[in-house]
Trainee: 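One structure follows; several queries about it will come next.
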There are 2 protein chains.
Amino acid sequence: MLAAERRDHLLGLLAREGKVVAKDVAAELGISEDSVRRDLRDLAAEGLCQRVYGGALPASPAVAGYAERQSVTPGGKRKVAAAAVDLIRPGGTLILDGGTTALAVAGLLPPDLDCTVITHSPTVVAALLEHPRVELFLLGGRVFKHSAVACGAAAVEAAQNVSADLCLLGVTGVHPEAGLTTGDADEAAMKRALAARAAETWILASAEKIGAASPFRVLPWERVTGLITDAAPDHPTLERLAASGLEIRRAR
Amino acid sequence: MLAAERRDHLLGLLAREGKVVAKDVAAELGISEDSVRRDLRDLAAEGLCQRVYGGALPASPAVAGYAERQSVTPGGKRKVAAAAVDLIRPGGTLILDGGTTALAVAGLLPPDLDCTVITHSPTVVAALLEHPRVELFLLGGRVFKHSAVACGAAAVEAAQNVSADLCLLGVTGVHPEAGLTTGDADEAAMKRALAARAAETWILASAEKIGAASPFRVLPWERVTGLITDAAPDHPTLERLAASGLEIRRAR
DNA sequence: CCTGTTCTTACATGTTTCTGCATGTATCGT
DNA sequence: ACGATACATGCAGAAACATGTAAGAACAGG
């Protein structure tokens with residue numbers, strides 16, 4: 001049992017079950033509670049979890065989503081990504097956000113698709129390096145390590161120099177009152193800047209994001225063309241959004 | 001048991017089981033743990049795995065994908081990269097080029113090093129995302145897929161807004177007459193722009209580059225602080241360069 | 001075929017890091 | 001307030017690590 005494995009195990013438990021009890025994990029893995037506590041303390045120091053008496057809870061929404069980077073793309077995100085690919089027109093220009101859903105979109109682009117992809121995510125670039133026809137443009141800036149994208153003033157400024165037909169944005173929260181939200185202020189500003197440079201902006205949000213709210217507002221609904229999700233159409237949040245006129249496309 | 005076989009075996013284990021425990025592999029293959037550790041260190045320097053206490057874990061897909069595409073990765077690059085790391089001062093700002101040698105530098109940065117890394121390579125960014133203390137700044141622009149770096153007018157312009165203490169550049173040719181050369185004109189211009197923004201510029205060139213020449217000139221010798229290579233000091237090209245006053249540092 | 005060189009590998013050393021236990025302290029539930 | 005549990009700290013043994021060194025294999029040149 002490598003120390004790094006323990007760490008992953010703990011993060012996995014946090015993501016799956018929403019909590020970690022030091023005593024239980026120690027018994028389960030056959031290690032001392034001290035080691036579990038030490039690991040949790042380290043993870044908390046990195047902002048990956050929140051230490052509480054008896055164990056730990058997932059990190060605050062501001063940094064949540066970091067841990068999921070390692071794991072495989074869940075089915076929901078893949079469905080949403082597949083539906084988003086249908087929006088892309090050959091020969092066009094696409095602004096692609098960072099995050100796992102956008103990364104899934106990159107992976108699903110058909111090999112014969114001829115288009116330009118603009119992104120602030122090095123990960124998306126890496127995923128599309130092998131693509132034979134896509135032209136890549138990278139927006140630079142200070143790299144926000146938690147979500148692995150460029151943001152900040154320089155990145156926002158770089159975004160002013162591009163324009164596109166379509167912008168696909170991921171968010172961490174879609175809420176009737178709070179609107180479209182994400183966990184970091186700079187990231188929110190960057191998404192806003194991206195959306196402003198495209199003729200159409202679609203939001204990609206797998207089911208677990210619907211009804212959730214994060215600290216920072218990304219966009220008002222008026223700036224959004226539509227929403228793609230795999231959540232059931234009768235989800236109360238979706239019904240309210242549809243009633244207010246937002247186009248909602250169901251991924252399946 | 002050939003060294004290359006061991007390497008493949010380790011990569012296979014990483015892919016199949018998601019981890020490698022140095023002790024176990026040593027017992028399984030009947031070799032010393034030192035050899036396993038050496039191999040893992042080399043693989044980590046090439047970005048093919050991530051070293052952890054007790055063994056290794058798979059590298060992030062973005063880095064592994066790029067590193068795998070490079071056909072030959074001679075051991076010399078690791079030595080050159082290790083020598084380059086010695087030039088980096090804590091708290092300083094470093095401009096890091098793209099390419100496998102620069103990637104090896106990124107992989108060899110000590111975890112306790114506190115510095116800012118500016119790069120136009122998404123791969124380098126991906127390699128340093130896990131680094132706990134390094135601050136990352138990404139220079140954006142059109143992505144040149146062959147070498148996976150941002151270049152072109154936008155990237156050169158972005159480079160004008162940064163400055164650093166040290167710039168580490170890779171080249172594909174080091175030749176007494178042709179000078180420092182590389183295979184793409186835009187890439188050469190980008191390297192030139194990077195070098196112009198740093199107080200010191202060092203060239204990283206493993207042995208096979210010495211005496212070679214590529215189509216496009218990167219920099220005149222006057223703009224270069226020194227050269228790091230693992231080629232023998234009595235290499236005719238190096239002797240000529242040293243005679244003309246260039247500082248040459250031998251990696252071993 | 002021989003010789004000197006280089007590279008690789010294994011071992012030996014000292015250092016660092018990890019882990020579990022012991023102690024004393026803080027916090028929780030009753 | 002009390003006992004029980006969780007916690008932080010210090011410590012010691014163990015494991016992993018880096019480094020240097022020496023023996024052997026592979027190689028190039030004569």
Side-chain angles (χ1 to χ4, degrees), chain A residues 1-10 13-14 19-46 49-57, chain B residues 1-10 13-14 19-46 49-57 72-83 85-86 104 107-113 130-133 206-208 210 229-236 238 250-252:
Chain A
M1 169 66 63
L2 266 43
E5 281 183 273
R6 284 203 316 265
R7 247 184 73 125
D8 281 351
H9 186 81
L10 290 170
L13 280 177
L14 281 169
K19 68 165 181 175
V20 160
V21 180
K23 189 179 167 184
D24 297 351
V25 180
E28 178 192 352
L29 301 183
I31 56 180
S32 75
E33 293 181 38
D34 296 74
S35 294
V36 178
R37 273 193 274 272
R38 254 186 287 260
D39 287 338
L40 289 177
R41 198 193 309 160
D42 293 346
L43 289 175
E46 292 174 45
C49 73
Q50 182 189 352
R51 199 66 223 288
V52 296
Y53 200 88
L57 296 175
Chain B
M1 168 68 60
L2 265 43
E5 282 183 272
R6 285 202 317 265
R7 242 184 82 121
D8 282 350
H9 185 79
L10 290 170
L13 280 177
L14 281 169
K19 68 162 182 173
V20 159
V21 180
K23 190 179 165 186
D24 297 351
V25 180
E28 179 192 351
L29 301 182
I31 56 180
S32 75
E33 293 181 38
D34 298 75
S35 295
V36 179
R37 273 193 276 271
R38 252 188 297 265
D39 289 338
L40 289 178
R41 194 199 313 156
D42 292 349
L43 289 175
E46 290 170 37
C49 73
Q50 181 192 350
R51 198 69 222 288
V52 298
Y53 199 89
L57 297 175
V72 281
T73 39
K77 287 190 176 159
R78 200 187 72 80
K79 295 183 202 167
V80 172
V85 168
D86 292 338
L108 291 174
L109 289 185
D112 62 337
L113 179 69
E130 306 288 341
H131 194 291
R133 320 189 64 160
S206 46
E208 76 273 15
I210 307 298
T229 184
D230 63 325
D234 60 350
H235 190 295
L238 290 186
R250 176 87 200 289
R252 49 183 138 51

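Source: prediction; values computed, not measured.
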Trainee: Angle between the end axes of the helix from C/dC1-D/dG30 to C/dT30-D/dA1, five pairs per end, to the nearest 10 degrees?
Mentor: 40°
Trainee: Tell me the interatomic distance from B/R7, atom CZ, to C/dT8, atom C1', rounded to whole angstroms.
Mentor: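 Distance, rounded to whole Å: 16 Å.
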Trainee: Are B/K79 and B/D230 close enough for a salt bridge, meaning some N to O gap below 4.0 Å?
Mentor: no
Trainee: Using a 4.0 Å heavy-atom cut-off, write out nucleotides 11-30 of chain D from 5' to 3' as B (base contacted by protein), S (sugar-phosphate only) or - (no contact).
Mentor: ----BBB-B-----------
Trainee: My understanding is that only residues two or more places apart in sequence, or in another chain, count here; which of them pass side-chain hydrogen bond (donor to acceptor under 3.5 Å, both in side chains) with B/R51?
Mentor: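 side-chain hydrogen bond (donor to acceptor under 3.5 Å, both in side chains) check on B/R51 returns nothing, list empty.
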Trainee: Counting C-beta onward and ignoring hydrogens, is there a side-chain heavy-atom pair between B/K19 and B/L14 closer than 4.5 Å?
Mentor: no
Trainee: Write down the distance between CG (B/L29) and C1' (C/dA10), rounded to a whole number of angstrom.
Mentor: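 Taking CG of B/L29 and C1' of C/dA10, I get 15 Å after rounding.
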Trainee: With a 4.0 Å cut-off on N to O distance, would you call A/E46 and A/R7 a salt bridge?
Mentor: yes
Trainee: What's the CE-P distance between A/M1 and C/dC18, to the nearest Å?
Mentor: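 Taking CE of A/M1 and P of C/dC18, I get 16 Å after rounding.
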Trainee: Distance check needed: C/dT9 C1' versus B/L2 CG, whole Å only.
Mentor: 13 Å
Trainee: For C/dG20, does either OP1 or OP2 sit under 4.0 Å from a side-chain N or O belonging to A/S35?
Mentor: yes
Trainee: In chain order, what residues pass the side-chain hydrogen bond (donor to acceptor under 3.5 Å, both in side chains) check against B/H131, with sequence neighbours excluded?
Mentor: none
Trainee: Identify, with sequence neighbours excluded, every residue that meets salt bridge (charged side-chain N to carboxylate O under 4.0 Å, His left out) alongside A/R38.
Mentor: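 Salt bridge (charged side-chain N to carboxylate O under 4.0 Å, His left out) list for A/R38, sorted by chain: empty.
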Trainee: Is B/T229 reaching over with its side chain to a backbone N or O of B/A231, donor-acceptor style, under 3.5 angstrom?
Mentor: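 Looks like yes, one N/O pair under 3.5 Å.
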Trainee: For A/E33, give me all partners under salt bridge (charged side-chain N to carboxylate O under 4.0 Å, His left out), at least two apart in sequence or on another chain.
Mentor: A/R37
Trainee: Which is more 5' along DNA chain C, the nucleotide nearest A/I31 or the one nearest B/D39? Just name the residue.
Mentor: B/D39
